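Here the structure is a predicted model, which means the values were calculated and not measured. So you know, we letter chains A, B, ... as the sequences are listed, proteins then strands, and number each from 1.
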Number of protein chains: 2
Amino acid sequence: MGNRPTIADIAKRVGVSPGAVSFALNGRPGVSEQTRARIIEVAREMNWRPHRAARALGGAQAGVVGLVLARDPRTLGSEQFYTQILYGMQEVISAGGSAVQMQLVRDTAAEIDLYRHWAAEHRVDGLVLVDLQLDDPRIAVVRELGLPAVTLGLPGEPGRLPSVWADDAEAMTTIVDYLAALDHQRIAHVAGPPVYQHTARRTSALREQATARGLAAESVPTDFSDAQGAAATRTLLSRAERPTAIIYDSDLMAAAGLGVALEMGIEVPRQLSIVSFDDSVLTRIVHPALTCLSRDTYALGAQVATSLLAAIADPGSRESVRTETPRLVVRGSTTRPG
Amino acid sequence: MGNRPTIADIAKRVGVSPGAVSFALNGRPGVSEQTRARIIEVAREMNWRPHRAARALGGAQAGVVGLVLARDPRTLGSEQFYTQILYGMQEVISAGGSAVQMQLVRDTAAEIDLYRHWAAEHRVDGLVLVDLQLDDPRIAVVRELGLPAVTLGLPGEPGRLPSVWADDAEAMTTIVDYLAALDHQRIAHVAGPPVYQHTARRTSALREQATARGLAAESVPTDFSDAQGAAATRTLLSRAERPTAIIYDSDLMAAAGLGVALEMGIEVPRQLSIVSFDDSVLTRIVHPALTCLSRDTYALGAQVATSLLAAIADPGSRESVRTETPRLVVRGSTTRPG
DNA sequence: GTGGAGAACTAAAGCGCTATAGTCAACGGC
DNA sequence: GCCGTTGACTATAGCGCTTTAGTTCTCCAC
């Protein structure tokens, strides 16, 4: 049953010392090719696997990388995006024999706490930081703990952590370009919490674009919950001069917004165009399907994992990887106003 | 920096042996209360944490429990439910200083593979098995590996693993009761893959209920994807004698079904009532909001975690916990037909 | 006053693996 | 023919913790 073979068992069977077996199995010099082959064969035969804990104890790696999502339980449901990221990461990380540990916590304070615990217990080899904030407190903590980390979302300026990012400003411009071409004059933006860097970037990009083109534009902050997304939509649509197009920072809020429009008897897209900043199954199942920015989230997760592995291998690295700007996928929720 | 204090450091500082420190910190007898207090204080002062790997190596636990989701990448998006479960589990598991390791894999074969890896590497102390199948191959594997496990969803018959479950048949009856009271005569059921035990149970419960009441009822199997949910809905609604109510086995498919109805110009709920077997943010944001079976998924996750911890503590235990049958939450998607 | 029980410790081994220092034989060059 | 190398190993220590088997010391009973 649970009697896994150890390196010593293999050594005995092959007739060499445990050290030799370790060399052989780790591709280190110190054994002849012949012996190495024999050892590897026996190891396979005996169905040997390294004991993670034993390796980790020897000062080596824990074989786990962490991804923490700080979410108010009330805003649960917005993790579609991260489920995909997780999947993409896992593909890369498991190939290296490690695992991704995802954990949901209540807020950033709890997240930082968790990092300290993990670091103290040697539980993880590296971290992915998501939902970057302005002046993000996590950066200093991660540095202090000496944990390799990669940020997802913003160019690596903050504390010079390596990062994987896409250009949010450019993405917003793509949307505004399109809406302006359709002749929308009043555009609203149901944004996330202003403390998030990506929200800030999108908001300022929208403002710039609107000014440049002489459009009326407005960003409404929310906490990313469906409730606040719906509430913001209701407010916007209750105005005398209501917007003809609304851009939502998440697919969940976009879907909620669509629900509100239906509820208020406002036709989508005839009277209101809707664009979501995220793509997911959600944007496809509602009717009309939502026009949105889409990208290969799975690949993004894989890229993050790759960058993280690089950061773990070389803790000095600060390389920042820019990924493709999400492209606009036009579906049934947008048209000319009128 | 990464120079965590060890038990030996504490021992030196207090002036006792490492063994004594271990006793003290683990609440084991062998030290005086006075010394124990002193040791605990110093440990806190030095910010000591147990080194997980070292503990695990000593034959103790890995401090991780696993939850694997087998999902065809195409059907990704249906994990809302499990995100909640995960959250609930984490609350309980982290309280005990452990962590939940969730992993997404392609199919059951990959899942079994993963279990073997995890067992061989001593990575997890226990498992939660979800999406139970008829004659589930995982049960034998888990038993063979000697890994404590709890199943979620079905009474623990299969191989007598402890389980946490709710009565699916009763739940289905609740729905049919309600629809029958509204005077629906033709009810359809967009189900999951028949290989799943819960699908099988719901399907047969529907058949029984329909027979007993003289209703026309039909279950259509799908793979749980939004695409097949939509396709099944299209087929059902294209019939001459179309159903006046459809029950969906997941919130995702229900939302997709609603989208199809809108697309076909069929009014919900006037011409079609929709009931979802799962609740989530999704059922609330669409319009009309969906009538559904609802339960406290978070609490369910917590219960699963509790049962799993019990199973780990006492591997012989087979206790099965029955949870409340989900209750019907009526929203805007159901009414009398006509 | 002595034997023994119990409390409060210490000493040391061991978990499975890695890493470093050493051993030993074969080989080659001058 | 001897020294120095090199290759192929072995021996051993050590990672941080738990645990078992001692070792003291005190206290009490007879």
Side-chain angles (χ1 to χ4, degrees), chain A residues 2-40 42-43 46-64 97-98 117-123 125, chain B residues 2-40 42-43 46-64 97-98 117-123 125:
Chain A
N3 256 350
R4 327 172 322 98
T6 74
I7 266 194
D9 298 329
I10 300 179
K12 212 172 298 169
R13 179 114 149 231
V14 178
V16 293
S17 73
V21 175
S22 177
F23 291 149
L25 294 173
N26 292 301
R28 226 167 284 270
V31 284
S32 65
E33 279 317 309
Q34 201 179 356
T35 317
R36 183 189 304 277
R38 172 98 186 93
I39 289 173
I40 290 177
V42 171
M46 301 179 73
N47 196 25
W48 175 87
R49 304 266 168 182
H51 190 304
R52 272 281 156 202
R55 274 199 171 158
L57 188 51
Q61 305 185 344
V64 177
S98 287
H117 270 69
W118 278 357
E121 298 187 353
H122 275 205
R123 251 182 196 283
D125 303 319
Chain B
N3 256 350
R4 327 174 322 97
T6 74
I7 265 194
D9 298 329
I10 300 179
K12 212 172 298 169
R13 180 114 147 231
V14 178
V16 295
S17 73
V21 175
S22 176
F23 291 150
L25 293 172
N26 293 299
R28 223 167 286 269
V31 284
S32 65
E33 278 316 310
Q34 199 179 358
T35 318
R36 183 190 302 278
R38 172 99 184 92
I39 289 173
I40 289 177
V42 171
M46 300 179 74
N47 197 24
W48 175 87
R49 303 265 167 184
H51 190 305
R52 271 283 157 201
R55 275 199 170 159
L57 188 50
Q61 303 185 345
V64 177
S98 287
H117 270 69
W118 279 356
E121 299 188 353
H122 275 207
R123 252 183 195 282
D125 304 319

Quiz item: Between A:R28 and C:dA19, is there a side-chain N or O to OP1/OP2 distance below 4.0 Å?
Solution: yes
Quiz item: Do you know which of B:I40, B:D9, B:L25 makes side chain to side chain contact (heavy atoms under 4.5 Å, CB included) with B:W48?
Solution: B:L25
Quiz prompt | A:R123 side, atom CZ; A:D125 side, atom CG - distance, nearest 0.5 Å | solution = 12.5 Å
Practice problem: Could you tell me whether the side chain of B:I39 reaches within less than 4.5 Å of the side chain of B:V16, counting heavy atoms only? | Solution: yes
Practice problem: Kindly say whether A:R28 contributes a backbone atom to a donor-acceptor pair with the side chain of A:R36 at under 3.5 angstrom? | Solution: yes
Quiz item: Side chains of B:H51 and B:T6: does their closest heavy-atom pair fall under 4.5 Å?
Solution: no
Exercise. To the nearest 10°, let me know how far the axis at one end of the helix from C:dG1-D:dC30 to C:dC30-D:dG1 is tilted from the axis at the other, five pairs an end.
Key: 60°
Exercise. For the residue pair B:W118 and B:V64, establish whether any side-chain heavy-atom pair is separated by less than 4.5 Å.
Key: no
Quiz item: Between B:R49 and A:H117, do the side chains contain an N or O donor and an N or O acceptor separated by less than 3.5 Å?
Solution: yes
Quiz prompt | nucleotides 4-17 of chain C: protein proximity per nucleotide (B base, S sugar-phosphate only, - neither; heavy atom, under 4.0 Å) | solution = ----SBB----BBS
Practice problem: Would you kindly give the CG-to-P distance between B:L25 and D:dG16, to the nearest whole Å? | Solution: 16 Å
Quiz item: Just wondering, do A:R38 and A:V42 contact through their side chains at under 4.5 Å, heavy atoms?
Solution: yes
